[in-house]
Amino acid sequence: MLNNKITPLAAATLLALGAASVQAAERYVIQVDNPGKGIVKALTKQYGGQVKIDAEGFIAAEFPGKSLDDVKGLLNNPHVKLVEADQVRRPLAMYNDDAGDPMQQQVTPYAVYQSQADQLTFNPNAGMKVCVIDSGLDASNPDFNWSAITGDNDSGTGNWYENGGPHGTHVAGTIGAADNNVGVVGMAPGVDMHIIKVFNAEGWGYSSDLAYAAQKCTQAGANIINMSLGGGGANNTEENAFNAFRDAGGLVVAAAGNDGNNVRSYPAGYSSIMMIGANDADNNIADFSQFPSCTSGRGKRATTDETICVEVTAGGVDTLSTYPAGMATSASLTADGAAVASSAMENAGNASGSTYFMGTAEAVDGAASGKICVIDRGNISFFDKVNNCEASGGIGAVIINNEAGMLYGTLGDTNTTTIPAVGAALEDRSALLAAATMDINIGASDYGLMSGTSMATPAVAGLAALVWSNHPECSGEDIRAAFKATAQDAGVAGKDDKFGYGIVKAADADAYLTANPCGGNNGGGDNGGGTGGDFSLSATGYKQRGLQMVDLSWSGAQTTNVDIYRDGQLIDTTNNDGSYTDALNTKGGGSYDYQVCEEASNTCSATQTVVF
């Protein structure tokens, strides 16, 4: 069982961060034509600027005490194409616990099973490479194929193979931790990775850092870019860099954000980037997962674009992965010699002995002396329970949850107890109460848990490498479309803002690409199905006596009947005669998404939007 212990600064870095527009003081991105870059750099220095990044087509510079308008005025030069704020980008993650003892054996994270990654075999000869733009990958963790990993440092961030906190190491493990009988296993075990360390000692970087990193990913030969990070405000230079990577055939995935609201975070909000949300082990949306709308504008100017909102989700709650050596805490519990899942609460150490059931441990009980206290959750705090056990002479404590699932908890910031204490699941209560002896061990670990869209994003990046390795003729956009076409619908029926098309399913995507080879008719539809290139749909909206009407016309469907969808909801099953009229009986304005699918099939037309 793992419980991560990190410093307050690291904790602040890893917590979910707001997506309001943030720009570090007086740093700007200047797009330039390359032949005139030297002149612009000279002007920058002449006006007190400090060049921080010198990249293809742009530089980034600090101008102390100068506003964006000031810098635009100073750099009014024909070689300057654009001056914009250099937006701050931060890692998006929270921390938590997970069950298992990966220091002793290989543990498979739940998301591997949930995403069907265990049903496919990664092809290491397909040339897949994932570029991880984050806080570095610590060389102290042995759970990687280090001969297949390279990296770059960004300005002022230090060596890419030394951690800037556990975030980047955790992300990389989810993508590609090796299948080697120890630790954890990644979605694409042993995949080639290129690591770019962009976060500084304070735990953040700039939009220009990401744009420059995208160029380095291309130079390293990466097929996929993973960014478990984000912030507020779009940046043209940043967007152009990822557009170029996408246009060259690559796939970019980025975290939706952890504020649990409908604010659009960047870079995930760019059309060229696949925005990833987070779900838990029970197929529920994570309460922190952001869900920006796919619609922008109002009235007749409203437009719908599924590439600027959540497209799919993956497991991102209580995700077990790699950590820099000793930065996480592991726990193990046995009852009468049988292993029982547990969650470390506090106090490293070992305890072995007879058991004593203390009920809810609301008072000191001398009968617990020299024994391991087995305690029910409820009525008083965890600290008070463990404190009463220790005051009774108890040598260790196991607190059992009073609701289904594992008990994850701590003893608080003012903990003064010293005995090892763990949480346990309600499902194991009978076995724990019946046990005559127990053993508890809590110690440092190289494996720990985090939660966040930061954890879901590398799951999708790894899954993309896994599926793509079996279909190397595909492009990144083909993989993106296959994931949407085969995602498991969750939450509200049909496509929705929180899940997008649903939870990624690797084996289903693989089967889809086998049945629909790349270069054919891959795509995603609002009902979660694929689009056919020969299956076309047109939609025309008009009003009749003030009431909204929509005429649909289609061709290419092969079944006797077709299903008609409006806004992801099935509204009718009708003859496949090529036409249908939807009488909405509604006045005023509105926007509607239509799709026609072969009956009870995932073969669908592309989505057509009608705006009144």
Side-chain angles (χ1 to χ4, degrees), residues 1-4 6 14 93-122 124 130 132 134-146 148-149 163 165-193 195 226 228 278 280-281 314-332 339 341-344 406 408 443-452 454-463 465-466 504 506:
M1 193 62 250
L2 300 175
N3 179 38
N4 305 327
I6 53 182
L14 297 173
M94 296 178 289
Y95 69 97
N96 214 320
D97 306 352
D98 193 34
D101 188 4
M103 296 295 284
Q104 302 298 322
Q105 64 188 56
Q106 182 163 282
V107 176
T108 301
Y110 77 83
V112 170
Y113 299 115
Q114 185 180 54
S115 65
Q116 302 176 335
D118 59 314
Q119 299 178 34
L120 291 180
T121 300
F122 175 67
V130 183
V132 184
D134 211 286
S135 64
L137 170 57
D138 200 286
S140 65
N141 193 294
D143 208 2
F144 292 95
N145 178 14
W146 283 100
I149 298 175
N163 79 83
H167 191 270
T169 302
H170 195 278
V171 164
T174 296
I175 295 170
D179 186 1
N180 57 2
N181 299 315
V182 68
V184 295
V185 60
M187 296 295 183
V191 66
D192 288 11
M193 287 189 280
I195 311 299
N226 183 92
S228 294
D280 66 14
V317 179
D318 298 341
T319 299
L320 180 67
S321 189
T322 47
Y323 257 62
M327 286 188 68
T329 302
S330 67
S332 62
S342 62
S343 165
M406 178 62 61
Y408 298 107
S445 177
D446 302 347
Y447 303 88
L449 176 144
M450 290 185 189
S451 292
S454 271
M455 284 58 257
T457 302
V460 175
L463 291 167
L466 173 65
V504 172

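We're numbering straight along the sequence, starting at 1.
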Query raised in the report: Taking T169 for the side chain and P324 for the main chain, is one N or O donor matched with an acceptor at less than 3.5 Å?
Result: no
Query raised in the report: Between D134 and H167, which heavy-atom pair has the shortest distance, and what is it?
Result: OD1-ND1, 2.7 Å
Query raised in the report: How many angstroms lie between CG in N163 and CE in M327, if you round to the nearest 0.5 Å?
Result: 5.5 Å
**Report entry** Nearest atoms (heavy-atom pairs only) where N226 meets A461
**Finding:** OD1-CB, 3.5 Å
Report task. Identify, with sequence neighbours excluded, every residue that meets side chain to side chain contact (heavy atoms under 4.5 Å, CB included) alongside A444. Result -> none
Query raised in the report: Is there a donor-acceptor pair closer than 3.5 Å between any side-chain N or O of D143 and the backbone N or O of V184?
Result: yes
Query - Heavy-atom donor-acceptor pair, Y110 side chain to L320 backbone, under 3.5 Å - result: no
Query - Pairwise distance CG(D138) to OG1(T322) - rounded to 0.5 angstrom - result: 9.5 Å
Query raised in the report: Nearest heavy-atom pair of S140 and A325: which atoms, and what distance?
Result: OG-N, 3.0 Å
Query raised in the report: Just wondering, do V182 and Q105 contact through their side chains at under 4.5 Å, heavy atoms?
Result: no
Report summary line: For H170 and S321, the nearest pair of non-hydrogen atoms, with its separation, is O-OG, 2.7 Å
Requested in this report: Could you tell me which non-hydrogen atom of A506 sits nearest to which non-hydrogen atom of L463, and how far apart they are?
Outcome: CB-CD2, 3.8 Å
Query raised in the report: Which heavy-atom pair separates N180 from Q106 by the least distance, and what is that distance?
Result: N-OE1, 3.0 Å
Query raised in the report: For T108, which residues count as a side chain to side chain donor-acceptor pair (under 3.5 Å) partner, sequence neighbours excluded?
Result: none
